[in-house]
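Notes for the one structure printed next.
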Amino acid sequence: MAVRTDTRLARKRRHVRVRAKVSGTATRPRLCVFRSLNHIYAQVVDDSSGHTLVSASSLDAEIRDKITGKRKTESAELVGSLVAQRTLNKGIKQIAFDRGGYKYHGRVKALAEAARKAGLDF
């Protein structure tokens, strides 16, 4: 009998492993990524105080009309540049990247590279 793997549970396990090593501080907060089937979300978190400093997603009104008709990877690039712009406006240049248990390719990689290109250092 074949054993079915639960991909959500496997991602949660990977995420716990990543979070054991990556944590956000006030000087270097954590940029965490969550992707669903249709959308991608990013937020910059200070784990020492437990507050979300900045967030952006493909549902934001600021970029919603730009995303219409684009591929998911292209929308992830727009979200990455938007979260980087908002983070830089808060005066934060350095962050720790938390891929959230996802492989570093596709939409997650596109978001990270767009954030780097916009001026974030990680």
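Starting from 1, each residue takes its place in the sequence as its number. None of the values given here were measured: they were computed from a predicted structure.
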Item to check | Intermediate values then yes/no, side chain to side chain contact (heavy atoms under 4.5 Å, CB included), Thr87 and Leu53 | outcome: CA-CA 8 Å; Thr87 305; Leu53 306 173; over 6 Å; no
Checklist entry - Where do Arg19 and Asp98 land on the side chain to side chain contact (heavy atoms under 4.5 Å, CB included) test, with the steps shown first? => result CA-CA 8 Å; Arg19 287 288 290 120; Asp98 176 12; 3.4 Å; yes
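- Between Leu31 and Ala42, the shortest heavy-atom distance links the atoms CD1-CB, 4.0 Å.
- In this pair, Phe122 and Phe97 present their aromatic rings parallel. The plane angle is below 30°, not in the 30 to 60° band.
- At least one side-chain heavy atom of Arg14 sits under 4.5 Å from a side-chain heavy atom of Arg11.
- Here the side chains of Glu74 and Leu78 are not in contact, with every heavy-atom distance at 4.5 Å or above.
- Between Leu88 and Ala118, the closest heavy-atom pair is CD1-O, 3.3 Å.
- The minimum heavy-atom distance between Ser58 and Val79, with the atom names listed, is N-CG2, 3.5 Å.
- Checked by atom type and distance alone, the side chain of Tyr102 never pairs as donor or acceptor with a backbone atom of Val108 at under 3.5 Å.
- A donor-acceptor pair is defined here as one N or O able to donate and one able to accept, closer than 3.5 Å; no such pair exists between the side chain of Lys12 and the backbone of Gly101.
- The two residues Ala114 and Glu77 come nearest to each other via the heavy atoms CB-O, 3.3 Å.
- From Arg99, atom CZ reaches atom NZ of Lys109 across 13.5 Å, with rounding to the nearest 0.5 Å.
- The two atoms that bring Ala76 and Arg107 nearest to each other are CB-O, 3.5 Å, heavy atoms only.
- There is a side-chain donor-acceptor pair under 3.5 Å between Ser48 and Asp46.
- No more than 12 heavy atoms of other residues, nucleotides or ligands sit less than 6.0 Å from atom CZ of Arg71.
- For the residue pair Leu59 and Arg64, the shortest heavy atom distance occurs at O-NH2, 3.3 Å.
- In the hydrophobic clustering, where aliphatic and aromatic side chains (Ile, Leu, Val, Met, Phe, Trp, Tyr) are joined below 4.5 Å either directly or transitively, Val22 groups with Val18.
- Clustering ILVMFWY residues whenever any of their side-chain heavy atoms sit less than 4.5 angstrom apart, transitively, puts Val16 in a cluster other than the one holding Val33.
- Phe34 is not listed as a side-chain neighbour of Ser57, based on a closest heavy-atom distance of 4.5 Å or more.
- With values rounded to the nearest 0.5 angstrom, Gln85 atom CD is found 6.0 Å from Glu62 atom CD.
- Here the straight-line distance linking atom CG of Asp121 with atom CD of Gln94 works out to 5.0 Å at 0.5 Å rounding.
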Item to check | side chain to side chain contact (heavy atoms under 4.5 Å, CB included) between Lys66 and Leu82, worked out | outcome: CA-CA 12 Å; Lys66 295 178 189 175; Leu82 179 64; over 6 Å; no
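- Atoms CZ and CD1, on Arg28 and Ile95 in that order, are 8.0 Å from each other to the nearest 0.5 Å.
- Distance CG/Leu111 to CZ/Arg116: 10.5 Å, rounded to 0.5 Å.
- Put simply, NZ on Lys70 and CD1 on Ile63 are 10.0 Å apart, with the number rounded to the nearest 0.5 Å.
- Following chains of ILVMFWY side-chain contacts shorter than 4.5 Å, one can reach Val54 starting from Leu120, so the two form part of one hydrophobic cluster.
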